[in-house]
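Throughout, a chain's letter reflects where its sequence line sits, starting with A, and its residues are numbered from 1.
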Protein chains: 2
Amino acid sequence: MSKLKPAPTLDDVAKQAGVSTATVSRCINTPDRVVEATRKRVQSAIEALGYTPNFAARVMAAKRTFTIGAIIPTMDNAIFARGLQAFQEELRKHGYTLLVSSSAYKPETEEEQIRTLVARGADGLLLIGHDRAPHIYDFLEQRQIPALVAWSFAAEGKLPSIGFDNRQAMFDLACKVIGLGHRRLAMISGITRGNDRARLRLEGARDAIRHHGLDPAALQVVETPYEIENGAEAFSGLMSQDTPPTAVMCGNDVLAAGALLRAQDMGLKVPQDVSITGFDDIELARLLRPGLTTVHVPHREMGGKAARALIEMVEHSTPGTGERLHTHIVERQSLSPAP
Amino acid sequence: MSKLKPAPTLDDVAKQAGVSTATVSRCINTPDRVVEATRKRVQSAIEALGYTPNFAARVMAAKRTFTIGAIIPTMDNAIFARGLQAFQEELRKHGYTLLVSSSAYKPETEEEQIRTLVARGADGLLLIGHDRAPHIYDFLEQRQIPALVAWSFAAEGKLPSIGFDNRQAMFDLACKVIGLGHRRLAMISGITRGNDRARLRLEGARDAIRHHGLDPAALQVVETPYEIENGAEAFSGLMSQDTPPTAVMCGNDVLAAGALLRAQDMGLKVPQDVSITGFDDIELARLLRPGLTTVHVPHREMGGKAARALIEMVEHSTPGTGERLHTHIVERQSLSPAP
DNA sequence: AGTTGAAATGTAAGCGCTTGCATTTTCCAT
DNA sequence: ATGGAAAATGCAAGCGCTTACATTTCAACT
């Protein structure tokens with residue numbers, strides 16, 4: 001019944017204001033290049049018509065989207081939530097919009113998402129970690145898409161990175177565990193294939209074993225996807241051996257939460273019977289009982305700095321500079337001296 | 001130094017394959033309208049060139065984006081994570097991409113995001129809850145943008161909704177609390193302004209008070225934003241009164257987690273000294289100790305159904321049909337009979 | 001009043017794709 | 001072989017915007 005007016009266009013506004021489309025465009029994009037009186041007239045035309053610029057058309061004409069894409073391994077748990085939130089907030093301050101997608105920890109999916117985001121005209125990309133097929137880096141370079149890695153710092157990476165030293169951080173934590181007298185250790189690691197953060201964390205733990213002159217066999221390792229249930233399963237597998245570990249280090253807080261939960265279900269007291277540690281210091285770590293001893297990662301700082309660095313790359317076509325952020329151990333109650 | 005080839009276009013592919021651009025376009029969009037041999041030739045040209053269609057151009061020409069926008073109040077905690085994940089997965093199955101943004105619980109921001117998403121050509125919109133300024137509904141209608149509400153069911157809403165009955169659910173929970181003998185009750189509610197979920201949950205609790213013939217003053221109410229710290233603060237405020245409540249119902253699990261944590265810090269035993277309940281049944285509810293008694297919301301089901309309903313609306317221009325989903329109380333350890 | 005350069009505005013050419021319509025090719029029944 | 005309908009392909013007009021370049025307007029000087 002009702003007439004369907006199509007969305008108003010620049011032309012409609014121009015006509016209504018009695019100016020050319022170029023002037024309307026300038027009013028929107030470079031207001032100072034238009035005289036006051038005209039600007040006002042255009043402004044009221046815009047309001048009268050309820051005009052909103054068509055994004056796709058603008059992109060086509062201007063070759064800029066003011067959009068930054070980010071591909072994170074998962075949205076499901078809180079690991080990336082705070083850092084990404086900070087990233088988005090900083091972007092917003094500079095007039096950029098964030099497009100997020102998740103790769104579900106699958107390299108193929110990540111590649112597809114990268115292509116999608118590039119096709120959508122992302123001015124820049126935020127990627128997590130350094131491990132990915134070389135041809136992806138080639139693609140990015142060929143297309144001249146500024147990209148930055150976060151959550152993992154590597155001075156000599158293909159892309160600049162803003163992150164921390166996963167290996168060193170886990171090394172420090174493992175040293176602390178060993179220093180507390182633990183000699184039968186286990187690590188519940190994330191899947192290391194295609195995931196340098198997981199791999200480096202595991203390496204860091206191994207470094208510590210070596211550093212303290214312990215038998216490499218003193219560290220049992222289980223690899224499993226980052227999910228609560230998997231942490232729980234891995235934990236019970238580990239603890240139902242004849243001589244179970246006295247400390248279980250987890251590749252991240254989610255896995256640790258699963259372990260902790262399962263420990264309680266098994267009637268094991270943490271930390272009296274077994275110590276558990278995490279990594280990331282997500283909010284959950286503070287909420288669990290006992291509180292989780294873990295590695296604190298400066299998520300918000302990382303997100304904010306990554307945003308600024310990426311914008312710098314996009315706007316000035318600079319190669320971009322990385323930065324190594326500091327982590328520290330947060331001691332709560334889940335780690336204590338070996339029994 | 002290196003030559004910067006611009007991204008290959010349809011024209012390049014057409015030239016390389018020796019066909020017209022129309023044929024290349026058809027190869028991509030309607031492969032069955034192109035003969036086998038041609039299709040192969042085009043396909044290899046695409047691969048040889050590393051061609052990716054330009055999204056903005058496609059949108060301009062086709063007036064379709066295969067993009068659905070969603071505006072959620074927050075990404076910061078897990079309240080919307082699972083439902084949204086399911087929503088996205090279902091969308092993906094049907095070839096749609098999800099664009100998410102968060103309004104930070106601010107109506108003005110929500111409106112801005114709606115406009116942005118529409119400008120970006122979203123084929124449809126997912127909104128949370130029914131409370132918003134009428135002119136937003138007018139805008140959506142005028143622009144003919146299919147939109148659906150989730151997380152709150154209302155048969156007579158301006159937009160179809162796929163959600164549950166917040167009021168009834170909280171009523172049921174409150175009845176259970178009262179049935180356990182609690183007579184001094186408190187509710188830590190989310191901010192009700194512009195948030196029908198929060199408002200209806202509070203109403204439900206009040207309904208229960210009335211239903212059991214209790215003095216309305218038997219229910220103390222504190223309104224505070226949905227953040228852990230606020231839940232904690234509200235809780236200590238409530239408990240440091242002369243005759244504190246014996247049961248504190250929280251507007252959601254995040255608030256409840258804060259309350260629980262603070263209770264422990266205050267040396268209060270839950271549920272012996274005070275009972276605490278939540279709402280939503282996010283993962284956290286299961287991880288806390290004691291486990292949180294809460295209202296289970298079928299997040300994944302809701303997300304999946306919302307996606308299907310919205311796609312239906314988009315593709316067939318139907319008005320869309322809502323659905324009321326069922327919730328149920330999950331009993332864990334944080335609620336027990338009054339002391 | 002007449003110049004003149006700067007500021008404001010207008011003109012129009014694309015940006016890369018889809019799609020209605022026109023044209024050519026294919027293939028079958030005759 | 002051949003006519004003709006159906007299938008395949010080509011042609012070209014936009015989609016709504018930005019921006020280089022052309023033109024007009026304006027104000028400040030002679």
### Query
For the helix from C:dA1-D:dT30 to C:dT30-D:dA1, what angle lies between the axis at the first five pairs and the axis at the last five pairs, to 10 degrees?
40°
#### Entry: SB check B:K158 B:E141 (cutoff 4.0 Å)
no
### Task
Indicate whether OP1 or OP2 belonging to C:dG10 is found under 4.0 Å from a side-chain N or O atom of A:T23.
yes
### Query
Restricting to pairs with a member in residues 104-124 of chain A, which pass ring-ring contact (aromatic ring centres under 6.0 Å, His included), not counting sequence neighbours?
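Qualifying pairs, neighbours excluded: A:Y105-A:Y226.
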### Query
Can you name the side-chain contact (heavy atoms from CB on, under 4.5 Å) partners of A:A45, sequence neighbours left out?
A:V13, A:Q16, A:A17
### Query
What is the nucleic acid contact for B:V59, judged by heavy atoms within less than 4.0 Å: base, sugar-phosphate only, or nothing?
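B:V59: no heavy atom of the nucleic acid under 4.0 Å.
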### Query
Charged N to carboxylate O under 4.0 angstrom, B:K93 versus B:E90?
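Yes, B:K93 and B:E90 are salt-bridged.
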### Query
How close or far is atom C1' of D:dG10 from atom NZ of B:K15, stated in whole angstroms?
15 Å
### Task
Assign a letter to each nucleotide of nucleotides 13-18 of chain C from its 5' end: B, base within under 4.0 Å of a protein heavy atom; S, sugar-phosphate only; -, no contact.
-BBBBB
### Message
Within this structure, what is the CZ-CG distance for the pair B:R308 and B:L91, rounded to the nearest 0.5 Å?
### Response
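Answer rounded to 0.5 Å: 11.0 Å.
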### Query
How long is the line joining CZ of A:R64 and P of D:dT19, in whole Å?
10 Å
Name each donor-acceptor pair under 3.5 Å that joins a side chain in residues 115-128 of chain B to protein atoms two or more places apart or in another chain, with its distance.
{"from": "B:T116", "atom 1": "OG1", "to": "B:E112", "atom 2": "O", "distance (Å)": "2.9"}
{"from": "B:R120", "atom 1": "NH1", "to": "A:T67", "atom 2": "OG1", "distance (Å)": "3.1"}
{"from": "B:R120", "atom 1": "NH2", "to": "A:T67", "atom 2": "OG1", "distance (Å)": "2.7"}
{"from": "B:R120", "atom 1": "NH2", "to": "A:T97", "atom 2": "OG1", "distance (Å)": "3.4"}
{"from": "B:D123", "atom 1": "OD1", "to": "B:T65", "atom 2": "N", "distance (Å)": "3.2"}
{"from": "B:D123", "atom 1": "OD1", "to": "B:T65", "atom 2": "OG1", "distance (Å)": "3.2"}
{"from": "B:D123", "atom 1": "OD2", "to": "B:R64", "atom 2": "NE", "distance (Å)": "3.1"}
{"from": "B:D123", "atom 1": "OD2", "to": "B:T65", "atom 2": "N", "distance (Å)": "3.4"}
{"from": "B:D123", "atom 1": "OD2", "to": "B:F66", "atom 2": "N", "distance (Å)": "2.6"}

### Query
Rounding to a whole Å, what distance do you find between A:R39:CZ and C:dA7:P?
15 Å
### Query
A:E36 has an atom CD; how far is it from atom P of C:dA7, in whole Å?
17 Å
### Query
Applying salt bridge (charged side-chain N to carboxylate O under 4.0 Å, His left out), which residue pairs with at least one partner in residues 16-37 of chain B are found, sequence neighbours left out?
B:E36-B:R39, B:E36-B:K40
### Stepwise side-chain contact (heavy atoms from CB on, under 4.5 Å) test for A:W151 and A:I162
CA-CA 7 Å; A:W151 264 267; A:I162 296 211; over 6 Å; no
